[in-house]
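In this chain, residues are counted from 1 in sequence order. This one's a predicted model, so the numbers in the text were calculated from it and none came from an experiment.
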Amino acid sequence: MADLTDDDHEHMRKVTGYVKRHLAQRPTSESMEDSRWRYSLMNWGHDPVKK
């Protein structure tokens, strides 16, 4: 496995920060299966309904 660069680490911090902030905004009234919130997180590689 190749060594990670400083840019790689910065990108990983950006992604985890984004996912953490958006998980805190979990919708309560709409179905999560087709919510814009879920698709936004999936664009960053995280599916909040996948177990």
List the steps, then state whether side chain to side chain donor-acceptor pair (under 3.5 Å) holds for N43 with S40. CA-CA 5 Å; N43 283 332; S40 176; 5.6 Å; no
Tightest non-hydrogen contact, residues V19 and W44, listed as CG2-CB, 4.4 Å
Sequence neighbours excluded, the answer for ring pair (Phe, Tyr, Trp, His ring centres under 6.0 Å) partners of H22 is Y18
Fill in: Connected via hydrophobic side-chain network under 4.5 Å: L41 and M32
yes
- Step through the shown structure and confirm whether more than 12 heavy atoms of other residues, nucleotides or ligands are within 6.0 Å of CG on D6. no
> Does the pair T5 and E10 meet the rule for a side-chain contact (heavy atoms from CB on, under 4.5 Å), with working shown?
Replying inline: CA-CA 9 Å; T5 66; E10 179 59 33; over 6 Å; no
So the salt bridge (charged side-chain N to carboxylate O under 4.0 Å, His left out) pairs with at least one residue in residues 37-49 (sequence neighbours excluded) are E33-R38, R38-D47
For residues 18-29, the salt bridge (charged side-chain N to carboxylate O under 4.0 Å, His left out) pairs (sequence neighbours left out) are none
Sorted by chain and residue number, the side-chain hydrogen bond (donor to acceptor under 3.5 Å, both in side chains) partners of Q25 (sequence neighbours excluded) come out as none
Checking H11, M12, R13 against V15 for side chain to side chain contact (heavy atoms under 4.5 Å, CB included), the one that qualifies is H11
